[in-house]
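First up is the structure itself, then whatever we jot down about it.
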2 protein chains.
Amino acid sequence: MTADDIAPRRTTRQREAVREALGASEEFVSAQSLHQSLRAGGSTVGLATVYRALAALAEDGEADALQSGGEVLYRACTPTHHHHLICRSCGRTVELEAAAVERWAGQVAAEHGFVELEHTVDIFGLCGECAAER
Amino acid sequence: MTADDIAPRRTTRQREAVREALGASEEFVSAQSLHQSLRAGGSTVGLATVYRALAALAEDGEADALQSGGEVLYRACTPTHHHHLICRSCGRTVELEAAAVERWAGQVAAEHGFVELEHTVDIFGLCGECAAER
DNA sequence: CCGAGATTGACAATCGTTCTCAACAAGCCG
DNA sequence: CGGCTTGTTGAGAACGATTGTCAATCTCGG
């Protein structure tokens, strides 16, 4: 990979709309629902464009993506590396930093001779509120 | 959900074939490719059946499932809770136990009032051999 | 051995995502 | 400013993985 030969990215009304809509949500959202929100809000972006915009944002590190139930969910995120604690009922999300886990991952991987690491660490559960509703 | 009212599971030729084929693979495989292997091996299982069998195995804790590139991959696994270190080139997989990570997860989740936890911790990378080929 | 009911398999249906392609617009240069 | 080059858009078709349908079949308890 000759690395950073990032496709020249233009600023368009649609791209901004997606970025904004994504930032407005506290939770992880699917491309589909984001598209609906935008349409509901009067915007006329196409579904394909939303997919493309989200993929671009994720690629640029402006959004986190995670797979859940067969679909990909996105969420605006802080630029630093982190993981998530997600309520599987209401979707509330807490960003986690875990230097210890990073260290552990790097260590065990090294022990097995693995390089160029990448990892996913996501914790799902029920937040206090949702748990109380049971 | 009245919890553990596990659907009465019968032992059938197809189910056994799937279990066996899965156990024969060291790597994570998709339902589709497993189905092809079975057909290639002379078995006549239907694709839908392979999906159902794999879902059942995963539910019973006999197999691990992970999503990758839009499809779900399965792999026979040890019955104890563990995570994976996977070579993204050759698919080689190492099962990891990490009490420390479990503890960490439980702790941060508790700090935020989350309960009924579940988590995914997967490390992807290039194993020594594959890395050497570059 | 029998019968109830779980299981199967071929195929249709669904659902999220990507592709296609002509129309469009952002940034650039003169 | 006006035109040009090229990335971008949108509608719909195409796609691939997965799930549903339903009659035929097979398991297993009795």
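The structure presented is a predicted model; accordingly, all values stated were derived computationally and were not measured. When reading the values below, keep in mind they use all heavy atoms of this one structure, side chains included, and skip hydrogens, waters and symmetry mates. Per chain, numbering begins at 1; letters A, B, ... match sequence-line order.
Residue-level contact check: B:Thr49 touches the bases, meaning some heavy atom is under 4.0 Å from a base atom. Among the atoms of the strands shown, only primed sugar atoms or phosphate atoms (P, OP1, OP2) are found under 4.0 Å from some heavy atom of B:Thr44. As judged by a 4.0 angstrom heavy-atom cut-off over every strand, B:Ser30 is placed among residues making no nucleic acid contact.
In this structure, the side chains of B:Leu22 and B:Tyr74 come closer than 4.5 Å at one or more pairs of heavy atoms. Side-chain contact check for A:Arg9 versus A:Glu59: some heavy-atom pair is nearer than 4.5 Å.
Ring centroids of B:His84 and B:Phe28 are separated by less than 6.0 Å, placing the two rings close together. For B:His81 and B:His119, the distance between ring centers is under 6.0 angstrom.
Here D:dC26 presents its P atom at 8 Å from CZ of B:Arg13, a figure rounded to the nearest Å. The separation between B:Gln36 atom CD and D:dT18 atom P is 13 Å, rounded to whole Å. Between the P atom of C:dT17 and the CD atom of A:Gln67 lies a distance of 9 Å, rounded to the nearest Å. Distance CG (B:Leu47) to C1' (C:dA13): 14 Å, rounded to an integer number of Å. The distance between atom CG of B:Leu34 and atom P of D:dT18, rounded to the nearest whole Å, is 12 Å.
Few gaps surround CD on B:Glu16; more than 12 heavy atoms of other groups in view lie less than 6.0 Å from it. Surrounding CD of B:Glu111 are more than 12 heavy atoms belonging to other residues, nucleotides or ligands, all under 6.0 Å away.
Distance from the side chain of B:Arg10 is smallest to D:dC26 among D:dT18, D:dA11, D:dC26. Of the candidate nucleotides D:dA17, C:dG16, D:dA11, C:dG16 has the atom nearest to the side chain of A:Tyr51. Of the candidates D:dT8, C:dG16, D:dT18, the closest approach to any side-chain atom of A:Thr12 belongs to D:dT8. Checking C:dT17, D:dT18, C:dC11 against the side-chain heavy atoms of A:Glu71 singles out C:dT17 as nearest.
Side-chain N/O atoms of B:Thr11 include one lying less than 4.0 angstrom from OP1 or OP2 on D:dC28.
Under a 4.0 Å N-O distance rule, the pair A:Arg75/A:Glu95 qualifies as a salt bridge. Taking a cutoff of 4.0 Å between a charged side-chain nitrogen and a carboxylate oxygen, A:Arg19 and A:Glu62 qualify as a salt bridge.
Counting atom types as modelled, A:Arg52 pairs no side-chain N or O with a base atom of D:dG7 as donor and acceptor under 3.5 Å.
Taking a 4.0 Å limit (strictly below) on heavy-atom distances, residues 14-29 of chain A reaches DNA chain D at A:Gln14, A:Arg15.
Note that the two end axes of the helix from C:dC1-D:dG30 to C:dG30-D:dC1 enclose an angle of 40°, each drawn from 5 base pairs, rounded to 10 degrees.
Exactly one residue among A:His35, A:Arg15, A:Gln32 makes a side-chain contact (heavy atoms from CB on, under 4.5 Å) with A:Val50. That residue is A:His35.
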